[in-house]
Amino acid sequence: MRILCVAEKPSIAKAVAEHLSGGRSETRNTRNKYIKNYVFDYDFGGQPWGNCQVTMTSVLGHITAVEFPSEYKDWRHPPPERLFDAPVNTVIADDKKDIAKNIETQARYSQGLCIWTDCDREGEHIGHEIREAARKGNAALTVKRARFSNIERAHILQAARNLIMLDDRQVNAVATRIELDLRVGYALTRFLSNNLKGLGGPLANLVISYGSCQFPTLGFVVDRYFRVKNFKPETFWSIKVKHKKDGIDVNFSWARNRLFDRASVIILYERCLAAKTAVVTKVQEKPTKKWKPLPLTTVELQKMSTRFLRMTGQQAMTAAESLYNKGFISYPRTETDRFDKGMNLRALVQKQGQDNRWGAFAQNLMDGGFQQPRDGRHDDKAHPPIHPITYAAPSAALNENEKKIYEFVVRRFLACCSEDAKGVATDIDIQYGEESFHAHGIIVLERNYLDVYVYEKWTGTAELPKFTLGERFEPREAMMTEGKTAAPSYLTEADLIALMDANGIGTDATMAEHIQKIQDRDYVRTVPRSGRQGGEDDDAENSDEAPAGRGGRGGRGSRGGARGRGGRAAPQARGGVMEFIPTRLGVALIEGFDRMNFETSLGKPFLRKEMELKMKAICDGQTTKQVVLHESISQYRRVYNQSQENLHVLKAVRAHFYHDLLLLLYNIRETDFLFKACRQYIFDNAAG
DNA sequence: GCAAGGTC
């Protein structure tokens, strides 16, 4: 009996062949240079197959693509809206023909097909593509699927003996997404481009694209832009108390933080001064920790790279993929932030012992310092967290970015296998007049993981002098301060990735591409962050400790993320960090779509979420591909028709193209608004 | 010339 096994990528085929054959497989080349066929014998244990001759091979992700028939090639005829119900053909992509042929040929000699694609939705669909390719060679194949979530030997052997069926619901859910993205993306892109091209100017040769991921990504940038632009600074007042004891300066921060009413602060401040002395009301010392990081996911890798390694998300992914292909690190596209308990992490730590930068640290872990990594809450059931596989010496043939990423992956991994940093936190409260003030200090006792994970610091760690409960003293200095709340800052790439992640926009493998796309389309541009202080990027997630050394600062804002001008201790990544600002085109697109339709605001992440929910409903059997396609297409068609109906009005108005664009999009929701906009436009121009 | 998703 012959069985054909097919994995989603060459690395899985190779690893599975190793395990099933016990390292005794024969390797054969195929017409595709990345793909090998591994031939060996294996006993599946009788369900449904027993002792078999196996050929194990792989694809490279999807092998099919969807496309419209050639008569829909022209952008104007037939008109774009016809793409909503035009036929859609599934074809083998040109660069995958050899791969499909290999499967077809191998299937001809086989009685069974076993699919070893990743156990996620896309993997299920790729499994379906493989099944169709194989059936071309042999329609009578018995088809099975292996369920596995990592490539540990025992786990793979277990999977091979417990084969399951391909899940057609998941296949259909993905097929729905594929078809909808194609129809809506093409139709709206052609529509927007066609109609804006006629307006001449800079739009003449531009493609104005719409996509279910690129648009919400743009939406995040525009949203933040307006929050910055519309920000109104507010003046606040506060009271700072300083004291010096045992040669140590102590800053006490006001329990009220700050008030936006000057007169009140003056009164409270004068009461403090009148009291002359302050009394210590609380002295507390307690052990504290700074937690080591979680195992590394793709999203986290990209965020950290843009923050600390001076790379874009896409550069980080390119480098990580290269490191993976050279065998230095594990698969770089993963959502999993917990290591499988069966993994031999110590062996991986040991391989780093020879390095002169972190070798001593690794050695120390081997000598008893090793701790099991923390478990995060995410598991994609397909890949482990990103970790080093083999040691790469500094002299290894890696480019600069690859070296930086490798170093980061190793340091992160060693940090995960290390111990939390430990310290003692001191809290001192004083009563001064009727007001309370607070000082907080931290002494680091054991740096532990911080020694290897150089990207994090436990800063603001000030030692406080000894105070005793009930102690009275006359503060050396008490002053009233004035400050202004600062605007939030524009989005950084790390912020953008975090937003996409939280809203389910794109996947770990595609987020960086969407960010690149909205730049290529000139919807947004990046500029170096100016020296301006303030901002609300989220370093807070790195601080498990209570915020230290706050005393005497303007204080953190609570109003819409506003923050005192004093800012915070500057993190390493200051300078060189880029922020995202929308172009006028980008603003116009989102502004327009936001006003367009409340149920279908294309500029919001809402629709993508809805798609996600519908896919889930298909997987759960609550709805079907046909129903979802029908619903969604009518929804998009309404949006499309509304805009088209008003096009003639738009074209009658000779305006600056950005105004035209706004009008075009504004009017989609309601003609009423269009008239208002036109009137406003004419008024504006009459004035000018 | 258009989408988003795999992967190399």
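Nothing here was measured: the structure is a model prediction, and the numbers come from that model. In what follows, every chain begins at residue 1, and chains take the letters A, B, ... in the order their sequences are listed.
Mapping A/R333 and A/D74 onto DNA chain B by nearest heavy atom places A/D74 closer to the 5' end of the strand. Closest-nucleotide positions on DNA chain B for A/F68 and A/S322 were compared, and the one nearer the 5' end corresponds to A/F68.
Closest to the A/E122 side chain, of the nucleotides B/dG6, B/dC8, B/dA4, is B/dG6. When the nucleotides B/dA3, B/dT7, B/dG5 are ranked by their closest atom to the side chain of A/H514, B/dG5 comes out on top. Considering only side-chain atoms of A/N325, the nucleotide from B/dT7, B/dC8, B/dG1 that sits closest is B/dC8.
The aromatic rings of A/F215 and A/Y210 sit tilted, their planes meeting at an angle between 30° and 60°. Between A/Y640 and A/F84, the angle of the ring planes goes over 60°, which puts this pair in the perpendicular group of the 30/60° scheme. Ring geometry for A/Y331 versus A/Y324: interplanar angle over 60°, hence perpendicular rather than tilted (30 to 60°).
Among the protein residues, A/K517 comes within range of the sugar-phosphate backbone only, with heavy atoms under 4.0 Å from sugar or phosphate atoms but none that close to a base. At the heavy-atom level, A/G123 lies nowhere under 4.0 Å from the strands shown. Counting non-hydrogen atoms under 4.0 angstrom, A/R521 reaches the backbone sugars and phosphates but no base.
Of the possible donor and acceptor atoms, one in the side chain of A/T583 sits under 3.5 Å from a partner among the backbone N and O of A/D522.
Of the residues A/K614, A/M611, A/M615, the one that meets the side chain to side chain contact (heavy atoms under 4.5 Å, CB included) test with A/T176 is A/M611. Of the candidates A/R584, A/Q214, A/K517, A/Q214 is the only one forming a side chain to side chain contact (heavy atoms under 4.5 Å, CB included) with A/Y523.
DNA chain B lies under 4.0 Å from no heavy atom of any residue of residues 165-173 of chain A. Near DNA chain B, meaning a heavy atom under 4.0 Å away, the residues from residues 174-185 of chain A are A/R177, A/I178, A/D181, A/L182, A/G185. Non-hydrogen atoms lying under 4.0 Å from DNA chain B are contributed by A/K96, all within residues 83-98 of chain A.
When all heavy atoms are compared, the tightest approach of A/P332 to A/T298 is O-OG1, 2.6 Å.
Protein atom CD of A/E513 is 9 Å distant from nucleotide atom C1' of B/dA4, rounded to whole Å. Atoms CG (A/D522) and P (B/dC2) sit 15 Å apart, rounded to a whole Å.
In this structure, the side chains of A/R121 and A/D167 stay at 4.5 Å or more apart for every pair of heavy atoms.
Other residues, nucleotides and ligands contribute over 12 non-hydrogen atoms within 6.0 Å of the CZ atom of A/R637.
Ion pair A/D118/A/K9 flagged as a salt bridge, since at least one NZ, NE, NH1 or NH2 atom sits closer than 4.0 Å to an Asp/Glu carboxylate oxygen.
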